[in-house]
Amino acid sequence: MVVTGAGTGIGRAVAERLRADGYRVTGMGRDASRVDVSVDIRDRDAVDAAFAGLAPLYGLVANAGIGGPNVAGPDDRFEDLVRTNVLGTYWCCRAAERLGVRRIVVTSSILARIAVPHYTGYSASKAALLGLVRSLAAELAPDTTVNAVVPGWVDTDMSWEGLDAMPGTRDEAHSEAMRAVPLGRMTRPEEIAATVAWLLSGDAAAVTGQGIDHNGGAWMS
């Protein structure tokens, strides 16, 4: 099993859950001190090298990505957001495919569903991942299932950085954000990990091409 972005947040929780479930997990990420294999997923050759020798590969959790806003101008981060979140995920999926992967789970975001100002790059990249999942699911069937988890506010450093960028104090920003969440709280990373574990299991063998919303009711479909 490979989990990208395994050094922090959702990725770390997923890797821990899968190890507890008895899987042999290779955690990948950019910080060599936190993962098994250091790789920048924006680099296609580096991705191919990182995956080499991992066959047979049962599952891939393509979780690595970057967040934050972007604004028009010379410092616009749009390209880096798309290169990391879309191209990087794509390179990982293709590398896993060549190793005979049977289950792929991609981490998208509620911002693929809703409009948020100044997040054009992040929103566009996470929406693109849902299209990637549907297309790969059709392409790789019947041997491989491909699905996405679509989290809302999750109690991770990335989410708190987003809250810190909002007006007011951190507590005020948190309270305002939770007003849009019917369950009134952030999702725990371990809860996302449980959904990922189900999608990787035999219980979800007939589930493919889906985006599983996991956001406390902030988006209902």
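Formation of a donor-acceptor pair under 3.5 Å by the S125 side chain with backbone atoms of G121 is found in this model. With hydrogens and angles ignored, the 3.5 Å screen pairs a side-chain donor or acceptor of T84 with a backbone N or O of D80. Checking side-chain atoms of Y58 against main-chain N and O of L200 turns up a donor-acceptor pair under 3.5 Å. Side-chain atoms of E16 never come within 3.5 Å of backbone atoms of A13 as a donor-acceptor pair (strictly under, hydrogens ignored). Without hydrogens or angle criteria, S108 side chain to V150 main chain gives no donor-acceptor distance under 3.5 Å. Judged by distance alone, the side chain of E176 and the main-chain N or O of A173 form no donor-acceptor pair under 3.5 Å. With hydrogens and angles disregarded, a donor-acceptor distance shorter than 3.5 Å links the side chain of N147 to the backbone of Q210. Put simply, the side chain of S159 gets close to the backbone of V154: a donor and an acceptor are under 3.5 Å apart. Proximity of a side-chain donor or acceptor of T156 to a complementary backbone N or O of G9 within less than 3.5 Å is not detected. Formation of a donor-acceptor pair under 3.5 Å by the N63 side chain with backbone atoms of T107 is not found in this model.
When the shell of 6.0 Å around CZ of R77 is examined, it contains more than 12 heavy atoms from other residues, nucleotides or ligands. Enclosure of atom CG in D157 is not indicated, since only 12 or fewer non-hydrogen atoms of other residues, nucleotides or ligands lie within 6.0 angstrom.
Contact check on R170 versus D164 returns a salt bridge, with a Lys/Arg side-chain nitrogen under 4.0 Å from an Asp/Glu carboxylate oxygen. Electrostatic pairing of R12 and E190 does not count as a salt bridge here, judged by no charged N lying under 4.0 Å from a carboxylate O. A salt bridge links E139 with R94: the closest approach of a Lys/Arg side-chain nitrogen to an acidic carboxylate oxygen falls below 4.0 angstrom.
Between D21 and M1 the shortest side-chain heavy-atom distance does not fall below 4.5 Å. Within the 4.5 Å cutoff, the side chain of V14 has no heavy atoms near those of the V105 side chain. Side-chain contact between I212 and L199: present, with at least one pair of heavy atoms (C-beta onward) separated by less than 4.5 Å. Contact of the Y122 side chain with the N70 side chain is not registered, since no non-hydrogen atoms from C-beta on lie closer than 4.5 Å.
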Apply the test side chain to side chain contact (heavy atoms under 4.5 Å, CB included) to residues V207 and T145: give CA-CA distance (whole Å), side-chain angles for both, the deciding distance (0.1 Å), then the verdict. CA-CA 7 Å; V207 178; T145 64; over 6 Å; no

Check step by step if side chain to side chain contact (heavy atoms under 4.5 Å, CB included) holds for L163 and M186. CA-CA 12 Å; L163 290 173; M186 286 182 165; 3.3 Å; yes

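A donor-acceptor pair shorter than 3.5 Å cannot be found between the side chains of R19 and Y23. Using modelled atom types and a 3.5 Å distance limit, the side chains of S38 and D31 yield no donor-acceptor pair. If you check the side chains of W91 and D48, you find no donor sitting under 3.5 Å from an acceptor.
Summarising the geometry, atom CE belonging to M28 is positioned 11.0 Å from atom CD1 belonging to I41; distances are rounded to the nearest 0.5 Å.
If you look at W153 and H174, their ring centroids are not closer than 6.0 Å.
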